[in-house]
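One structure below.
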Amino acid sequence: MYKGEPIQGIKFYNLLEKSEEFTSELGKVTLASGKLEAELIIHLEKHNVKGKYKRATLGTLIEKLEQNELLDKNMISALRMISKQRNYITHNIYALFIDQLDETILQKNDLLDSDVHLYIERAWQLNENINGLADIIKQKNER
């Protein structure tokens, strides 16, 4: 299917959109994000932190955890990094390929059509990282 030919901008985005593998991995990122957010809410509630968290963003949950010193600095850093990566791939990928955003987390220049596999790998890795963090928080919640 992929021939290793140069491709740029919206044409590459269209390849991503048509890739069942990429969209499947992106869907898994979304599911893992929901799991992580739910575990963070449980953690806040377990420690009697007042507030309405059911509709809070991942960033807001991380802020509350930090303000209440419920997780160590390394975990807060990891959560912030994951949040940034997740937001980028789920909210900004289209903007990246229509040149509304500079290349930062994901490559947009000098791409080949076969680089769809690179994007699949990045989404897969992000899913693994989010699930790993969610499992760590879940273990803390079960103590």
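What's counted below: heavy atoms across the whole structure, side chains too, no hydrogens, waters or symmetry copies.
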Would you say the rings of H117 and F22 are close, in the sense that their centroids are separated by under 6.0 Å? no
Would you please name every residue forming a side chain to side chain contact (heavy atoms under 4.5 Å, CB included) with [X], sequence neighbours left out?
X    : result
E142 : K138
A32  : N127, I130, N131
T60  : A56, T57
A38  : none

Can you measure from [atom1] ([X]) to [atom2] ([Y]) and round to the nearest 0.5 angstrom?
X    : Y    : atom1 : atom2 : answer
N92  : T104 : CG    : OG1   : 8.0 Å
S77  : I82  : OG    : CD1   : 11.5 Å
K35  : I137 : NZ    : CD1   : 11.5 Å
I120 : Q125 : CD1   : CD    : 14.5 Å

Please tabulate, for side-chain N and O atoms in residues 3-18, each donor-acceptor pair with protein atoms closer than 3.5 Å (sequence neighbours left out).
from : atom 1 : to  : atom 2 : distance (Å)
N14  : ND2    : I10 : O      : 3.3

If you look only at pairs with a residue in [range], which of them pass as a salt bridge (Lys or Arg N to Asp or Glu O under 4.0 Å), with sequence neighbours excluded?
range            : value
residues 81-95   : E37-R86
residues 100-129 : D99-K108
residues 60-72   : E66-R80

For atom OH of Y94, decide whether the heavy atoms of other residues, nucleotides or ligands shown that lie under 6.0 angstrom number more than 12.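 Open.
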Is the side chain of S83 donor-acceptor paired with the backbone N or O of L79 at a distance under 3.5 Å, no angle test?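 Flag not set: sc S83 to bb L79 has no pair under 3.5 Å.
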Review item, side-chain donor-acceptor pairs of residues 41-49, under 3.5 Å, at least two apart:
from : atom 1 : to   : atom 2 : distance (Å)
H43  : ND1    : N141 : OD1    : 2.7
H43  : NE2    : L70  : O      : 3.4
E45  : OE2    : K54  : NZ     : 3.3
K46  : NZ     : K140 : O      : 2.9
K46  : NZ     : N141 : O      : 3.3
K46  : NZ     : R143 : O      : 3.0
H47  : ND1    : H43  : O      : 2.9

Not counting sequence neighbours, which residues clear side-chain hydrogen bond (donor to acceptor under 3.5 Å, both in side chains) with T30? List them please. none
Residues passing the side-chain hydrogen bond (donor to acceptor under 3.5 Å, both in side chains) test with T90, sequence neighbours excluded, are none
Mind checking whether I93 and Y88 have side chains closer than 4.5 Å, heavy atoms only?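 Of all side-chain heavy-atom pairs linking Y88 with I93, none is under 4.5 Å.
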Which residue pairs pass the ring-ring contact (aromatic ring centres under 6.0 Å, His included) test with at least one member in residues 51-80, sequence neighbours excluded?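 The answer is none; no pair qualifies.
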Polar contact flag, side-chain donor to acceptor under 3.5 angstrom, Q139-D135: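 Looking only at side-chain atoms, D135 and Q139 do not form any donor-acceptor pair under 3.5 Å.
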Quick one, F97 with L111, criterion side chain to side chain contact (heavy atoms under 4.5 Å, CB included). Give me CA distance, side-chain angles, the key distance, then yes/no. CA-CA 11 Å; F97 287 110; L111 292 170; 3.6 Å; yes
Mind checking whether I98 and V116 sit in one hydrophobic cluster, side chains of I, L, V, M, F, W, Y counted as touching below 4.5 Å?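 As far as the 4.5 Å side-chain criterion goes, V116 and I98 are connected within one cluster.
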